[in-house]
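First comes the structure, then the notes that go with it.
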Amino acid sequence: MVMSRPPLPPFTNESAAVKVRLAEDAWNSRDPERVSLAYTEGSRWRNRNVFLTGRPEIVRFLTQKWSDENDYRLIKELWAHTGNRIAVRFAYEWHTPQGQWMRSYGNENWAFDAEGLMSERHASINDLAISEDERKFFWDRSGPRPEDHPGLSDLGL
């Protein structure tokens, strides 16, 4: 059985923006199993200096990530698209188990198969320590970012 994850390539501006928002919402769930279903069985990742292949590795990686990155909140923004590829920029805020707030900035390049599953994800990420009063991402972390919450460009990020 072939699983499909619309929108499907080739992407338009509208469908690429929808794909980005669906990815943001899934990652904000902090549910590794749910997130992994957006990727092909053999999806290849580079996340910073970590290289992964396949859903089981993705689930293990995300489980560890979200045990270390507390109160995680993410915003993604479409940067560019063509055919079956999408480029995004993103920022997320989180704090260490010791309480140090961080903002992580990055770029991702995605490639999709014909069924809309991500087959490649290349992420470059930098972390910046911030004070609690420098935080910009405020919404109930039990759900996705509300539609009326500013995006990265609106926040000057």
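Excluded from the calculations below are hydrogen atoms, water molecules and symmetry mates; all remaining heavy atoms, backbone and side chain alike, are included.
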Practice prompt. Report the distance from atom NZ of Lys136 to atom CG of Leu157, rounding to the nearest 0.5 Å.
Written response: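 Between Lys136 NZ and Leu157 CG, I get 5.5 Å after rounding to 0.5 Å.
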Worksheet item: CH2 of Trp94 to CZ of Arg135: how many Å apart, nearest 0.5 Å?
Response: 13.0 Å
Check whether [X] reaches the backbone of [Y] with its side chain - one donor and one acceptor, N or O, closer than 3.5 Å.
| X | Y | result |
| --- | --- | --- |
| Ser36 | Val59 | no |
| Arg30 | Asn28 | yes |
| Glu134 | Ser131 | yes |
| Arg46 | Arg48 | yes |
| Lys19 | Gly116 | yes |

Discussion item. Taking ring pair (Phe, Tyr, Trp, His ring centres under 6.0 Å) as the criterion, tell me which of Trp101, Phe137, Trp66, Trp139 meets it with Tyr72.
Written reply: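 For Tyr72, the ring pair (Phe, Tyr, Trp, His ring centres under 6.0 Å) test succeeds with only one of Trp101, Phe137, Trp66, Trp139, which is Trp66.
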Do [X] and [Y] come close enough that some side-chain heavy atom pair is under 4.5 Å?
| X | Y | result |
| --- | --- | --- |
| Pro7 | Leu22 | yes |
| Trp79 | Asn107 | no |
| Arg73 | Arg141 | yes |

Worksheet item: Using 30° and 60° as the class limits, which term best fits the ring planes of Tyr92 and Phe90: parallel, tilted or perpendicular?
Response: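 Aromatic pair Tyr92/Phe90 classed parallel.
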Worksheet, complete the sentence: Ile130 and Arg103 have their tightest heavy-atom pair at CD1-NH2, 3.8 Å
Worksheet entry | Considering all heavy atoms, the nearest Asp25-Arg145 contact | OD1-N, 4.5 Å
Worksheet item: Distance only, no hydrogens: is a donor on one side chain within 3.5 Å (strictly under) of an acceptor on the other, for Asp71 and His95?
Response: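 Note: Asp71 and His95 side chains meet the donor-acceptor criterion.
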Worksheet item: Between Arg121 and Asn47, do the side chains contain an N or O donor and an N or O acceptor separated by less than 3.5 Å?
Response: yes
Discussion item. Could you check whether Glu108 pairs with Lys76 (Lys NZ or Arg NE/NH1/NH2 to Asp/Glu carboxylate O, under 4.0 Å)?
Written reply: yes
Fill in: Lys/Arg-Asp/Glu bridge criterion (N-O < 4.0 Å) met for Arg89, Glu77
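Yes, Arg89 and Glu77 are salt-bridged.
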Worksheet item: When clusters are formed by joining ILVMFWY residues with side-chain heavy atoms under 4.5 Å apart, either directly or through shared neighbours, do Trp27 and Val50 land in the same one?
Response: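 Hydrophobic grouping puts Trp27 with Val50.
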